[in-house]
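Worksheet: the structure to be examined is printed underneath.
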Number of protein chains: 2
Amino acid sequence: MTYPEQNNRFQTRCGDCPLRKLSAFEEFSPQTLKFMQQFKVGELKIEAGTQLLMEGHSSPQLFTLLSGMGLRYKTLEDGDRQVVNFIFPGDFIGMQAGILGEMKHSVEATTAMTLCVFDRKEIWQVFRNEPQRAFSLTWLVAIEEHFLGEALASIGQRSAIQRVAWALSRIHSRLTALKLNNGSAVPLPYRQRDIADAVGLSLVHTNKTLAELRKKQLASWVDGHLVVSDKRKLAKVAGVDLDNEVSQRPLI
Amino acid sequence: MTYPEQNNRFQTRCGDCPLRKLSAFEEFSPQTLKFMQQFKVGELKIEAGTQLLMEGHSSPQLFTLLSGMGLRYKTLEDGDRQVVNFIFPGDFIGMQAGILGEMKHSVEATTAMTLCVFDRKEIWQVFRNEPQRAFSLTWLVAIEEHFLGEALASIGQRSAIQRVAWALSRIHSRLTALKLNNGSAVPLPYRQRDIADAVGLSLVHTNKTLAELRKKQLASWVDGHLVVSDKRKLAKVAGVDLDNEVSQRPLI
DNA sequence: CGGGAAGTTGAAGCCAGTCAAGATTTGTGG
DNA sequence: CCACAAATCTTGACTGGCTTCAACTTCCCG
């Protein structure tokens, strides 16, 4: 697989990375910044709908999403799909390929994306020479594990309205932390099928559940925008503890 | 929390660890062995039913399970429980406390357990001085993330019989890899409620589903022993790919 | 031998799945 | 810029897999 758009290397210097300024991310030390700058091998732009990584395949490259949104998902034998997580700016993509040797899920761009590109082979050098960064990588995997555990609890134990509320609450929190919100509204470019495949409900029932959340004024997702006027009320239905959320994560 | 049984330190030297001999685990280099021996601070025996780690709490200690079986689970606000994974010999316990600062799930001993004890504060030294081991730690977190993704896909998309078949198939594989099997039978000291809480089904329906698996001669779990005479047949129902399983994992 | 925990079984009800059709939006080529 | 096609969203009706309730059995362990 080749990416023609990848030629213009070093478009953004890490020092100028707009994500760094967000309070959602930990600060970089000057050394870390320098290291990241040389760890970065290029930048990549892809269009909406593009498959970035594929389940079962390795990838010579790892990515950090600079802008755009996407999906991680697993495809089952019979064609069913489980959306494992949503991907937002600042997310590190491809760790499984970097650590385990192959991806255990696919990654698809829902909107157009700009990505920072790294060389997978350098992962080992990170562990050898940059223990701080290696720890951050592990931290990210651990947080993802935590998230999946929470997802499992939600899907496994809760009702339809609780599950959908959970997904919307989580999404709204993350996008707000990234300052992508406009007041209580955040852009949400996914389709209902994506949410349905994430929470393990049928498309039809997801639609009806979204309508119910709208009617109860808990969350309104219309025209690609999600509005949550009272996030505590939504969080309560969702079974989410807003006071126990991770406030800062490392940026790779 | 104090563990009276912990006094007799260094009961087992890592060099004599029976788990090391299993082909399910990667081999230790002599340096690694030496490092592990000094990383280990003691040994712990606990009885069945003991809670080892608690959700939301930190832990000054990390563990490797030497013998016995247990459960990782999350408790929801209303008392419902999601079993996140089963714990078998060789599993490393407490990583989340080590990396994230607190546990995101509880850990309970289903049978009596013997555990290897490590000092959580030393985790950072592992990253600094033993990049190889640090990589192994990350690998373990990544595998756990992979497992939870698969669990999510199973719970989210499959029917009752497929979910239970999935759980039993996974358990049977792991216990067989640990050579705990006696022919096609493995010990399985859990209660039906544990499996029910793991696959997101009611206790009653789990019971009926187990009966159906027995009747179809796919898996028979009676008297604390699980017998799977044709693991390929079970794996097919479960949607598990036996050819794509992880064959070796690092032992910490 | 008595009491509690775990397993088993049947019956009834409901939450969510499936089917189907129509409305709305998006995309595309003339 | 319009017309048609395809994708997405919406709604109603019906169905069924799983939950809940309840009673009984079996297995332990003191």
Side-chain angles (χ1 to χ4, degrees), chain A residues 47-50 71 76 78-83 108 110-112 154-168 187-216 219-226 237, chain B residues 47-49 71 76 78-83 108 110-112 154-168 187-216 219-227 237:
Chain A
E47 332 181 317
T50 308
L71 286 175
L76 310 187
D78 61 359
D80 280 358
R81 189 182 70 149
Q82 173 69 42
V83 169
E108 182 179 297
T110 301
T111 69
S154 193
I155 309 312
Q157 308 296 330
R158 323 317 309 251
S159 67
I161 194 164
Q162 292 177 305
R163 293 190 215 178
V164 176
W166 173 80
L168 296 182
L188 198 62
Y190 301 96
R191 296 164 299 153
Q192 293 189 352
R193 166 136 301 286
D194 298 326
I195 303 287
D197 288 345
V199 298
L201 294 170
S202 71
L203 172 59
V204 172
H205 201 66
T206 301
N207 177 288
K208 289 170 182 170
T209 305
L210 286 167
E212 194 181 344
L213 286 169
R214 226 176 287 133
K215 190 172 149 215
K216 292 190 173 170
S220 172
W221 176 28
V222 188
D223 291 336
H225 289 268
L226 170 66
V237 173
Chain B
E47 335 179 317
L71 285 175
L76 310 186
D78 61 359
D80 280 358
R81 188 182 72 148
Q82 173 68 41
V83 169
E108 183 178 296
T110 301
T111 68
S154 193
I155 309 311
Q157 309 296 330
R158 322 319 305 256
S159 68
I161 193 164
Q162 291 176 306
R163 293 190 215 177
V164 176
W166 173 80
L168 296 183
L188 198 63
Y190 301 97
R191 295 163 301 154
Q192 293 189 351
R193 166 137 301 286
D194 298 325
I195 302 288
D197 289 345
V199 299
L201 293 171
S202 71
L203 173 58
V204 172
H205 201 65
T206 300
N207 177 290
K208 289 171 181 170
T209 305
L210 286 167
E212 194 180 344
L213 285 169
R214 226 176 290 133
K215 190 173 149 213
K216 291 190 173 169
S220 172
W221 178 27
V222 187
D223 290 336
H225 288 268
L226 170 66
V227 179
V237 172

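Sequence lines set the chain letters: A, B, ... in the order given, protein chains first and strands last, and positions in each chain run from 1.
If His205(A) and Asp223(A) are placed on DNA chain C by their nearest nucleotide, the residue sitting closer to the 5' end is His205(A). Residues Leu203(A) and Tyr190(B) each lie close to DNA chain C; by heavy-atom proximity, the contact nearer the 5' end of the strand is made by Tyr190(B).
Residue Arg158(B) contributes atom CZ, which lies 12 Å from atom P of dC18(D) at whole-angstrom precision. The CG-P distance, from Asp197(A) to dA16(C), rounds to 17 Å in whole Å. At whole-Å resolution of the value, CZ in Arg193(B) and C1' in dT19(D) are 12 Å apart. Here dA6(C) presents its P atom at 15 Å from CG of Leu210(B), a figure rounded to the nearest Å. Rounded to an integer number of Å, the gap from NE2 of His225(B) to P of dG7(C) is 14 Å. dT8(D) atom P lies 9 Å from atom CG of Asp194(A), rounded to whole Å. In this entry the distance linking CG of Leu188(B) with C1' of dA6(C) reads 15 Å, nearest Å. One can place CD of Gln157(B) at 15 Å from P of dA16(C), the figure rounded to the nearest angstrom.
Heavy atoms from other residues, nucleotides or ligands lying under 6.0 Å from CG of Asp223(B) number 12 at most.
Side-chain nitrogen and oxygen atoms of Asn207(B) include none within less than 4.0 Å of the OP1 or OP2 phosphate oxygen of dG7(C). Between Gln192(B) and dA5(C), a side-chain N or O to OP1/OP2 separation shorter than 4.0 Å is absent.
Heavy atoms of Gly200(A) sit under 4.0 angstrom from primed sugar atoms or phosphate atoms, though from no base atom. Nucleic acid contact class of Ser159(A) (heavy atoms, under 4.0 Å, all strands): sugar-phosphate only. The residue Leu201(A) sits close only to the backbone: its heavy atoms come under 4.0 Å of sugar-phosphate atoms, none of a base.
Contact of the Lys216(A) side chain with the Val237(A) side chain is not registered, since no non-hydrogen atoms from C-beta on lie closer than 4.5 Å. Residues Arg214(A) and Val222(A) are in side-chain contact: their nearest non-hydrogen atoms beyond the backbone lie under 4.5 Å apart.
Donor-acceptor pairing under 3.5 Å is lacking for the side chains of Thr50(A) and Glu47(A).
Using a 4.0 Å cut-off between charged side-chain N and carboxylate O, Arg81(B) and Asp194(B) make a salt bridge.
At a cut-off of 3.5 angstrom, counting only N and O atoms as typed in the model, there is no donor on one side facing an acceptor on the other between the side-chain of Lys208(A) and the base of dG17(C).
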